[in-house]
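Taking it in order: structure first as structure tokens, then the write-up.
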Amino acid sequence: MTNSIHHRDASDTRVGHVDIGDTVRRFREAVGYSVEDLALTCGLTGAEITRIEQGADVDPGRLRRIAAALQMPTSMFLLD
């Protein structure tokens, strides 16, 4: 079954066809940040970043902080 915004459960971190955790990890790696570098830059803990990258947390406020720290559009997470 294709994952869509209309057919997903609460534990599914893919919205539409966006894998949020993978997107965060790819952008983080592209700018050369470690998990700890990103955590320091956006004011989150390393554990919070790891949970987001693993798909266990999709809190919009945290995602906005990460997007700002990585200078990426929040539209990458479909939050706008």
Side-chain angles (χ1 to χ4, degrees):
M1 179 172 103
T2 301
N3 220 351
S4 75
I5 197 163
H6 301 292
H7 303 304
R8 64 187 185 103
D9 63 40
S11 66
D12 190 351
T13 60
R14 287 175 20 142
V15 178
H17 295 283
V18 175
D19 183 327
I20 292 171
D22 185 59
T23 300
V24 169
R25 182 191 52 76
R26 285 185 298 108
F27 269 83
R28 176 181 59 76
E29 291 174 348
V31 298
Y33 278 1
S34 68
V35 168
E36 288 304 318
D37 292 334
L38 179 56
L40 288 170
T41 303
C42 67
L44 299 173
T45 67
E48 288 172 311
I49 301 297
T50 298
R51 281 195 307 272
I52 289 165
E53 289 188 359
Q54 291 173 344
D57 183 358
V58 292
D59 177 75
R62 289 187 186 110
L63 293 174
R64 284 184 183 93
R65 290 169 71 171
I66 289 170
L70 295 175
Q71 298 181 0
M72 63 185 286
T74 58
S75 61
M76 295 297 296
F77 304 130
L78 304 176
L79 296 176
D80 292 337

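In this chain, residues are counted from 1 in sequence order.
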* 4.5 Å side-chain heavy-atom contact, Met72 and Thr23 -> yes

* Residue pair Val31 / Phe27, side-chain heavy-atom distance below 4.5 Å -> no

* Asked: Roughly how far, to the nearest 0.5 Å, is the CD atom of Glu53 from the CG atom of Asp19?
  -> 10.5 Å

* **Trace of the side chain to side chain contact (heavy atoms under 4.5 Å, CB included) decision for Cys42 with Ile49** => CA-CA 10 Å; Cys42 67; Ile49 301 297; 4.0 Å; yes

* In Å and rounded to the nearest 0.5 Å, what is the CD to CZ distance from Gln54 to Arg25? -> 12.0 Å

* Considering residues at least two apart in sequence or located in another chain, which fulfil the side-chain contact (heavy atoms from CB on, under 4.5 Å) criterion with Ala68? -> none

* **Contacts of Arg62 that satisfy side-chain contact (heavy atoms from CB on, under 4.5 Å) - sequence neighbours left out** => Leu44, Glu48, Ile52, Asp57, Asp59

* **Inter-residue atom distance Arg26.CZ - Met76.CE, 0.5 Å rounding** => 6.0 Å

* Structure fact -> All heavy atoms of Ala69 vs all of Leu38, minimum pair found to be CB-CD1, 3.9 Å

* **Asp37: salt bridge (Lys or Arg N to Asp or Glu O under 4.0 Å) partners, not counting sequence neighbours** => none

* Supply the atom-to-atom distance Thr50 OG1 to Glu36 CD, rounded to the nearest 0.5 angstrom. => 7.5 Å

* Are any non-hydrogen side-chain atoms of Leu63 and Ile20 less than 4.5 angstrom apart? -> yes

